[in-house]
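Throughout, a chain's letter reflects where its sequence line sits, starting with A, and its residues are numbered from 1. Computed from a predicted structure; not experimentally measured.
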Number of protein chains: 2
Amino acid sequence: MATMTAAQRREQERAAFGAFMETCPMNQLLGIVGRQWSTMVLWELAAGPRRYAEVSRALPGVSAKMLTQTLRSLERDGFVARTVTPSVPVQVEYALTPLGDRIIPLIATMIDWANHHIGDVHAARARHDTTST
Amino acid sequence: MATMTAAQRREQERAAFGAFMETCPMNQLLGIVGRQWSTMVLWELAAGPRRYAEVSRALPGVSAKMLTQTLRSLERDGFVARTVTPSVPVQVEYALTPLGDRIIPLIATMIDWANHHIGDVHAARARHDTTST
DNA sequence: CGGGATCCTCTCCGATACTG
DNA sequence: CAGTATCGGAGAGGATCCCG
């Protein structure tokens with residue numbers, strides 16, 4: 001129909017954009033690594049396979065709930081593999097999959113950029129805060 | 001004090017880790033680009049300076065509130081510059097600062113990685129979902 | 001045109017308690 | 001040891017109305 005109100009057109013545009021957003025790889029990537037603990041867990045696992053309690057000790061700030069949730073999420077997305085060894089106390093080991101290995105360089109790049117430029121951000125922030133005060 | 005309970009030790013470790021987290025460049029970077037609209041606004045601005053309404057039209061999914069909030073945040077962190085031209089209808093232009101220019105390659109890298117590997121993620125997700133069903 | 005203020009919802013995340 | 005379940009707070013984000 002050519003006879004649409006502006007509101008309808010806007011609505012349609014928004015819907016189309018929403019659909020695009022859903023499938024936009026960049027947004028999906030952010031949905032994965034943007035989670036608070038994801039990168040840190042990935043980074044810890046990059047050093048080698050770890051058991052649940054080992055990851056927990058390495059990241060003292062994370063609660064058991066979030067660690068489990070993060071691990072499950074990463075497992076679902078194919079970044080980590082979960083191996084259960086049915087011994088007397090159950091033993092669970094988490095390790096990076098090949099896909100997990102491939103995201104490490106990206107995280108490394110991000111860390112590198114952050115280390116080089118975070119000072120500028122702090123400076124800009126301080127300048128902005130003092131100027132507006 | 002050497003005489004601490006395990007709970008106290010854990011608490012102290014957590015506090016120290018929390019302090020580390022606050023200053024960890026990587027987490028701060030995530031706090032900046034991890035925001036839903038930040039990267040898309042940055043990406044839009046990378047193509048050249050834009051007025052408020054132009055950005056809004058380019059990103060139909062964002063509400064005025066979030067656009068303003070995102071822009072303010074990016075301005076505070078020194079990624080975008082805000083220029084107000086006091087004409088009859090006020091005219092506001094947003095442009096990337098040099099620091100803003102420097103984060104574009106990083107975003108480009110992330111987009112590139114996402115485009116190359118999001119398929120694997122989808123595959124892993126589908127496999128995980130069908131297996132567990 | 002370019003917002004500010006207010007209200008509401010939904011998700012992230014932590015704390016606590018319980019299970020095999 | 002390795003979780004699951006539930007509660008509750010904080011903040012992201014959307015909708016709507018209003019202002020210069």
State the CD1-OG1 distance between I32(B) and T70(B), to the nearest 0.5 angstrom.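 Result: 12.5 Å between the selected atoms.
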Just how far is it from atom OG of S56(B) to atom CE of M66(B), taken to the nearest 0.5 Å? 13.0 Å
Are any of the side-chain heavy atoms of [X] and [Y] separated by less than 4.5 Å?
X	Y	answer
I103(B)	L106(B)	yes
Y94(A)	L74(A)	no
I118(A)	L29(B)	no

Verify the contact: side-chain N or O of R72(A) to OP1 or OP2 of dT4(D), cut-off strictly under 4.0 Å; return yes or no. yes
Less than 4.0 angstrom between a side-chain N/O of R51(A) and OP1 or OP2 of dC1(D), yes or no?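 No, because none of the side-chain N or O atoms of R51(A) sits under 4.0 Å from OP1 or OP2 of dC1(D).
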Indicate the atoms forming the closest heavy-atom contact of [X] with [Y], along with that distance.
X	Y	answer
V80(A)	L71(A)	CG2-O, 3.9 Å
D77(B)	L99(B)	O-CD2, 3.7 Å
T68(B)	Y52(B)	OG1-OH, 3.1 Å

Each nucleotide of nucleotides 15-20 of chain D classed B (base within 4.0 Å of a protein heavy atom), S (only sugar-phosphate) or -, in 5' to 3' order, makes B-----
Salt bridge (charged side-chain N to carboxylate O under 4.0 Å, His left out) involving E44(A) - partner list, sequence neighbours excluded: R50(A)
Between [X] ([atom1]) and [N] ([atom2]), how many Å, whole number?
X	N	atom1	atom2	answer
Q69(A)	dT4(D)	CD	C1'	12 Å
M66(A)	dA2(D)	CE	C1'	17 Å
L59(B)	dG14(D)	CG	P	11 Å
E93(A)	dG3(D)	CD	P	12 Å

Could you check whether the rings of F79(A) and W113(B) sit parallel, tilted or perpendicular, using 30° and 60° as the cut-offs? parallel
Under the side chain to side chain contact (heavy atoms under 4.5 Å, CB included) test, which residues partner A81(B), sequence neighbours left out?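 Partners of A81(B) under the side chain to side chain contact (heavy atoms under 4.5 Å, CB included) test: T97(B).
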Give the angle between the helix axes at the two ends of the helix from dC1(C)-dG20(D) to dG20(C)-dC1(D), taking five base pairs at each end and rounding to 10°. 40°
Spell out, as yes or no, whether a donor-acceptor pair under 3.5 Å connects the side chain of E54(B) to the backbone of R51(B).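 Pair found, side chain donor or acceptor close to backbone of R51(B).
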Only one of M110(A), R35(A), M40(A), Q36(A) forms a side chain to side chain contact (heavy atoms under 4.5 Å, CB included) with L30(B), so which one is it?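 One option only clears the test, and that one is M110(A).
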DNA chain D-proximal residues of residues 34-48 of chain A, any heavy atom under 4.0 Å: none
When you list every nucleotide of DNA chain C with an atom under 4.0 Å from a heavy atom of chain A, which one comes first 5' to 3', and which comes last? dC13(C) to dA15(C)
